[in-house]
Structures are given as structure tokens and as C-alpha cells.
There are 2 protein chains.
Amino acid sequence: MGCSVADSNIFKSLSKEERELLNQEKNCNSYLKGDIIYHEGNRISGCYCVNKGILKIYKTGIEGKEQIIAFAQKGDIIGYRSILSSEPACTTAQVIDDTLLCYIPSEILLSLVKSNSSFSLDLMQLTCKELNQANMYIKDIAQKTVRERLAEILLMLKTTFGEDGEGYLQIILTREDLANIVGTATESVIRLLSEFKSDNLIELSNKKIKILNLSALKKLSYDL
Amino acid sequence: MGCSVADSNIFKSLSKEERELLNQEKNCNSYLKGDIIYHEGNRISGCYCVNKGILKIYKTGIEGKEQIIAFAQKGDIIGYRSILSSEPACTTAQVIDDTLLCYIPSEILLSLVKSNSSFSLDLMQLTCKELNQANMYIKDIAQKTVRERLAEILLMLKTTFGEDGEGYLQIILTREDLANIVGTATESVIRLLSEFKSDNLIELSNKKIKILNLSALKKLSYDL
DNA sequence: CGGTATATTGAGTGTCTTCAATCTCAGTGG
DNA sequence: CCACTGAGATTGAAGACACTCAATATACCG
């Protein structure tokens, strides 16, 4: 079926044989909005390569409040960390937009890591990149105001997911999800969004968001 | 000289020959409090293994305010991420307590990663562990109050650095450094420390901190 | 078309930050 | 030995920012 594991950047160093092995062993499935792929704390027996759709990766905190750590979309690989460390999943992965995933059993991933040092290095670089992003976000969340972070997140969503024909962000989130990325209360997101709107920085159409004034948002987010 | 790279956990999978190679190529130096090992944004040509002492690893944010991301002590390896990704350093490393470091040239590290898949996997697991810690901290900083985070950090300092004979934390930080871990203002740290003190949770002797009531601090930090 | 989930708005409050003044301590030089 | 100095620590007061709670409105789903 139309699975494009091979297109994914992370698998670019695989040999033809390795790619075939992967294609034999992998297993594609589709999932609906709301479906949970794996749950924080559970053991998982493989990882997933995203073929289509969008997922949110989050940790659950005090009184069940989610903290969204990352999103995954086409080409991304999720759950690999728990496989590498052979530890229970440290996050939950949930479908935001109907998704097609390829399951890769852990033995396959581990054997590739062991046998192909380029692949291994690529994977390591991916982890390092994610680590750096996490560190930047720690700094931001510790030092910026909610307004600045919301502006920053909107810009991130634009660069990560792009816009549709009308200029609306391709990713559609609830206000609560937005709050759970920014790390604030839902009401604060609502108030700030409407403030951004009246300042003509963005346009709102229900859940859809259009970015009108990129540079002003950048300035606002201190992303100079 | 008394360099114990070999003792470090991360090098446990190296063969005798690889260990010898490392010993030939590495280079030990001592550094004083305040010395900067590498600076955010600079290219570095190798990484360091900590033999003795304590360093802080931080990012510099708005108006020069530091955000401390991690500490490093005996057995830890720092700067390896930039080597693996061949990118400029994404953090600054500065000596907090007089330090002895072994320099490992990047070629050596990279060749070990390529030739020894167990070492490579160990390094990957280390990165994954750091990534998970970073994600947990994002959640905490986004969801917990400053009081809760300060309690949590005190506990972390205790488990990471231990106590001296009198029960004081082995690591000595300025109030400003503490604030730069917790992600708050120096004055807030001061006020909260004195609050903890009057609640008999801790004892203060200048910069030294003694933890008196571990379980109350745990409860306070929601670290149940 | 109902029912539920999500969004919105307002009011009140608490936590934390900022700014400014003062204090303490360790190190330095006379 | 002591005054001097600068860095860090402390305290107080004022105010901003963001959160909570509660009520209401709107959108979405079957």
C-alpha cells in the first residue's frame, strides 16, 4: 500500500536490502482523530513512521493537564526513543488529524541501528536536534511571557505545517491544545488570540487561524 | 595523569584498543571557577569528559538572562551533541567548582561512534535520557508554580550532588544561579528559601543549603 | 434538532516580577 | 588590623500578568 517509509529523511542511509527488510516487516494502519497510538508509561514493541496526518505528542501532568511536547507529521518517526532505551513510553501520542502510520517492530529498528552506522548517526542527530529544541523551549517558557510564547507558537505552526489556499494554518487545534503547547490556561489563549486579532496580526475563522502580519508576530515573540 | 575517562559509564563498551586510542589522544586540563569551556554559538572541535568538579550548562536568553539546562560532574560528557551534529555549540559550559576535564577531539568520538555500535547505542540512550529529562522539565516549568519548582530543584540537587558530612548540599550556587535553573527572579528564590527555612524544610548557612524535611519538600514539589 | 464539547467573557484574586534601598560578606590594600 | 570596595543577598512596596471560577454563547456531531 501507499506507504512511503523510504521517503522519510531518517531512512535515507539505508541500503536497498535494508529498505526491503523494512518494507517486509512494517505494517501500515490508519487511525482516526482522537485515537491514541501509545500511552505514556506503557511498553511499546515498536515505533511508527508517519505517512499522513498529524499527531500530538504530550506528557500528562498535574490534574491530567497535558503538556504538548511536539507534533509529528508525514516523514516523522515516533516512539523510537523508548525502543532505543528499552523503557516505557515517556509520552502519549494521539491523532489530531486522520493519520496513516507504519509500524516498525523494535527488533528491526535495533538491528538497523547496530548494523548501519550511518543510520545510527542520523538517528543520533535527530535526537540531538530534538534535544536542542527542547532546551530552547525550556529557555523560552522560563523567560518569555505567555503573549510572546503564543506568538512564537503560531509562527512555529506556520513553518511546520504551512498554510492552505486561503492562508489559514494547515493544522487545526482546539484552544485547549494551543494552551497545552504554550503552557498556559485556555482562557488566556482565547484572550490573547482575540487581542492579536484586533491588532490585525491574525484572522480567526472558528478554529482556523490565518497569520496576517508575520513580522509583527516575530517582533512580538522576540524571534529577531 | 589521574584521568579516569575509562571509568565513565558512557565509555563502558569500548574495547581495550579503543580505550588506549582514547587515552593517547585525550588531553587533560584543569579549570577554575568562572572559566568558560565553550560558548553558545561557537564551533567546538571536540568534547569533554568531566573528571572532577562541577559545571553549569546554560543557554543565554533575553537581556542576557541565563537559563541553566543542566549540570555536569565527574563521569559526565559535555559538548558531544555539537560534535555529533557538527553544529555550533547550542549551550555555554562554565565552571562552577574547580574542574578537571579531558578533551576528546571530535574525530576520535566520531570514529568510535562509527566503529563501535554498542558505544553508539549507549550514546544514543544517553541522548534519549537527556531528552526525556528536558521534556519533563518543560512540563514542570509550564505547569508548576515557582515554589513547587524550587522544591523540586533542591531535591534534584540533593540526589545529583549529595550532601557533605554536615548534611549540606555538595553543590554551592548563588541565588541567581538557583533562579536561573528554576526560571524565576533572584528575589523570588530568596523569598521562597527563607519561607522554606521558617517552615523548617531547609536550613541556610550563607550559600550552603541543608535539606531538613525531605518528604515535605517532595510533597510540595508534587513529586509523589 | 437536541446534546455535548468547545469557545468566550467578566470579575476577582494571587503569584511573581520589578525597582529601589539596604545589608552582609569576602577580599584587598593601606 | 581595619577601612574600603564590590558582589551578592535581603527586604519592602507597588503593580502587572496570568489564573481560577462561573456564567453564557457558539459550534459541532449524530
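Basis for what follows: all heavy atoms, side chains included, without hydrogens, waters or symmetry-related copies.
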Exercise for the section: Would you tell me if any nitrogen or oxygen in the side chain of B:K207 comes within less than 4.0 Å of OP1 or OP2 on D:dA9? Expected result: yes
Fill in the blank from the handout: Between A:S188 and B:T186, whichever has its closest DNA chain D nucleotide further toward 5' is B:T186
Problem - Check ion pair B:R43-B:E87 (N to O, under 4.0 angstrom) - result: no
Exercise for the section: Specify the residue among A:L173 and A:A142 whose closest nucleotide of DNA chain C lies further upstream toward the 5′ end. Expected result: A:L173
Practice task
May I ask you to say what B:T184 touches in the nucleic acid, namely base, sugar-phosphate or nothing, with a heavy-atom cut-off under 4.0 Å?
Solution key: sugar-phosphate
Problem - Spacing between A:K33 atom NZ and C:dT6 atom C1', to the nearest angstrom - result: 11 Å
Problem - Ring centers of A:F71, A:F161 separated by less than 6.0 Å - result: yes
Problem - Between P of C:dT8 and CG of A:L178, the distance in whole Å - result: 11 Å
Handout entry: For atom CD1 of A:I172 and atom C1' of D:dA27, their distance in whole Å
Key = 13 Å
Practice task
Indicate yes or no: at least one non-hydrogen side-chain atom of B:C128 is less than 4.5 angstrom from one of A:T127.
Solution key: yes
Problem - Distance, rounded to the nearest Å, where B:I190 contributes CD1 and D:dG12 contributes P - result: 13 Å
Exercise for the section: Using a 4.0 Å heavy-atom cut-off across all strands, classify A:T145 as base, sugar-phosphate, or nothing. Expected result: sugar-phosphate
Problem - Atom-to-atom span, CG of A:D177 to C1' of C:dA7 - whole angstrom - result: 14 Å
Exercise for the section: Calculate, to the nearest 0.5 Å, the distance between atoms CG and CD1 belonging to A:L157 and A:I211 respectively. Expected result: 7.5 Å
Exercise for the section: For A:K144 and C:dT17, give me the distance from atom NZ to atom P, rounded to whole Å. Expected result: 17 Å
Exercise for the section: Give a yes or no on whether a donor-acceptor pair under 3.5 Å exists between the nucleobase atoms of C:dC16, that is its base, and the side chain of B:E187. Expected result: no
Practice task
Look at the side chain of B:R191 against the base of C:dT18 and say whether a donor-acceptor pair falls under 3.5 Å; ignore hydrogens and angles.
Solution key: yes
Practice task
When you get a sec, tell me which of C:dC16, C:dC25, C:dA7 is the closest nucleotide to the side chain of B:N206?
Solution key: C:dC25
Exercise for the section: Find the distance between CD1 (A:I10) and CG (A:L123) and round it off to the nearest 0.5 Å. Expected result: 4.5 Å
Exercise for the section: Round to a whole Å and report the spacing from CZ of A:R175 to C1' of D:dC28. Expected result: 14 Å
Exercise for the section: Measure from NZ on A:K208 to C1' on D:dC28 and round the result to the nearest Å. Expected result: 15 Å
Problem - Given D:dC19, C:dC25, D:dA9, the nucleotide with the shortest approach to the side chain of A:A185 - result: D:dC19
Handout entry: A:T174 side chain, from C-beta outward: closest of C:dT6, D:dC28, D:dT10
Key = C:dT6
